Amino acid sequence: MKAALFSVLCDIKEKTVLSMRGAEEEEPPDAQIMRLDNMLLAEGVSGPEKGAAAAAAAALAAAGESLNDNSAEHSDYRDKLAQIRQIYHSEMEKYEQACNEFTTHVMNLLREQSRTRPISPKEIERMVAIIQRKFSSIQMQLKQSTCEAVMILRSRFLDARRKRRNFTKQAIEILNEYFYSHLANPYPSEEVKEELAKKCSITVSQVSNWFGNKRIRYKKNIGKYQEEANLYAVKTAVDATNTSTHSSQASSPHTPNSGGYPAPCYTPDGRL
DNA sequence: TACCATGATTCGTC
DNA sequence: GACGAATCATGGTA
């Protein structure tokens, strides 16, 4: 009799609860969690640890960076990202553990109480689902704050990169030498840019920037750059002479200056 | 501290 | 996507 009554009460309760919560039962898959998961994966925070460095590199590459540049800054970025990753995983683990413990506790409690009041296994399941939803919302907050932390780290890193650093004298020398010896066509090819970048210990895009700035500033104020142009013209001439002295068949990498940008001027006696 | 030099960025054009 | 032009922002110096 007691069992039959318990079952009837459970049925009544079930129907009441269903009518009250029917609307809440079917939730669409959470797009926000998916977005956060994708982002954390792309930034190398979640996912396999092995792929984290590659993901971080890809994230920086997407921001226009190359991992060969300023390795100290990059390693700093990677270190901080690793810290975020570690915190994220330990917090996630904690939440999962807490969720499991709390769920077990509630289930035991409900089973215990089911002896004295009508609690069906379905209701216990529902309760477990509610708890898990609550914990997953907490986890979502964690994911969100982790994403924010990564974004802050990234923007700081990029801001740091934005800071201007003057090139070394040697680098300027190499770039100017190429520029003034190719005044007719100061547009280095990709290969040449790579070579110059290597020689100057800067990036190819820095070489491109430098030539872009140089071309326009030279054109705008030829008079100001005249002295510099003459200096490098003489230097190139001397180099060419030395090269031809050593090997008459050696071909100079410098193309003669003809047309294009105005050439440097010489004094009648052939000197500056 | 003002000023100039210069590397980087942005935007429009081809 | 490369380039020119304008502009920004910082480094160096008098």
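Bear in mind the structure is a predicted one, so any value in this text is a computation, not a measurement. Numbers restart at 1 for each chain; the letters A, B, ... are given by sequence-line order, proteins then strands.
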Participant: Please report, rounded to the nearest Å, how far the P atom of C:dC3 is from the NZ atom of A:Lys219.
Facilitator: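 Spelled out: NZ on A:Lys219 to P on C:dC3 is 13 Å.
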Participant: Please check the phosphate of C:dG4 (OP1 and OP2 only) for any side-chain N or O of A:Arg215 closer than 4.0 Å.
Facilitator: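 Checking A:Arg215 against C:dG4: at least one side-chain N or O falls below 4.0 Å of OP1 or OP2.
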Participant: Which heavy atom in A:Arg215 sits nearest to a heavy atom in A:Pro188, and how many Å separate them?
Facilitator: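 Where A:Arg215 meets A:Pro188 most closely, the heavy atoms are NH1-CD, 4.4 Å.
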Participant: CD of A:Glu194 versus C1' of C:dA2: gap in Å, rounded?
Facilitator: 15 Å
Participant: Starting from P on C:dA9, measure out to CG on A:Asn209 and report it in whole angstrom.
Facilitator: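 It works out to 16 Å between those atoms.
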Participant: Starting from C1' on B:dG7, measure out to CG on A:Leu196 and report it in whole angstrom.
Facilitator: 16 Å
Participant: Counting heavy atoms not belonging to A:Glu194, are there more than 12 under 6.0 Å from its CD?
Facilitator: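 More than 12 within 6.0 Å, yes.
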Participant: Side chain of A:Gln206: nearest nucleotide among C:dA6, B:dA8, C:dG4?
Facilitator: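 Closest nucleotide to the A:Gln206 side chain: B:dA8.
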Participant: Take atom CD of A:Glu191 and atom P of C:dA2, then tell me their distance rounded to the nearest Å.
Facilitator: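 Going from CD in A:Glu191 over to P in C:dA2 covers 12 Å.
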Participant: Describe the nucleic acid contact of A:Lys193 in one word from base, sugar-phosphate, nothing, applying a heavy-atom distance below 4.0 Å.
Facilitator: sugar-phosphate
Participant: Please examine the side chains of A:Thr146 and A:Lys143, heavy atoms only from C-beta on, and report whether any two atoms are closer than 4.5 Å.
Facilitator: no
Participant: Grab the CZ-C1' distance between A:Arg165 and C:dG12 for me, whole Å please.
Facilitator: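 In whole Å, C:dG12 C1' and A:Arg165 CZ are 13 Å from each other.
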Participant: Tabulate protein N/O versus nucleotide N/O from nucleotides 3-6 of chain B, keeping only pairs under 3.5 Å, one per line.
Facilitator:
from  : atom 1 : to       : atom 2 : distance (Å)
B:dT6 : O2     : A:Arg164 : NE     : 3.0

Participant: Taking the side chain as every heavy atom from C-beta outward, state whether A:Gln97 and A:Asn100 have any atom pair closer than 4.5 Å.
Facilitator: no
Participant: Between P on B:dG7 and CD1 on A:Ile202, what's the gap in Å once rounded to a whole number?
Facilitator: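 One finds 9 Å between P of B:dG7 and CD1 of A:Ile202, rounded.
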Participant: Calculate the interatomic distance between A:Phe211 atom CZ and B:dA8 atom P; express it in whole Å.
Facilitator: 14 Å
Participant: Checking contacts here: which listed nucleotide (B:dA8, C:dA5, C:dA2) is nearest the side-chain heavy atoms of A:Asn213?
Facilitator: B:dA8
Participant: Please determine whether a side-chain nitrogen of the Lys or Arg among A:Lys214 and A:Glu228 lies less than 4.0 Å from a carboxylate oxygen of the Asp or Glu.
Facilitator: yes
Participant: Salt bridge or not between A:Lys94 and A:Glu91? Use side-chain N to carboxylate O under 4.0 Å.
Facilitator: yes
Participant: Quick one, A:Lys169 and A:Ile172 - any side-chain contact, counting heavy atoms below 4.5 Å?
Facilitator: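 Result no, sub-4.5 Å side-chain heavy-atom pair not found.
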Participant: With respect to the phosphate group of C:dA6, does any side-chain polar atom (N or O) of A:Lys220 fall under 4.0 Å of OP1 or OP2?
Facilitator: yes
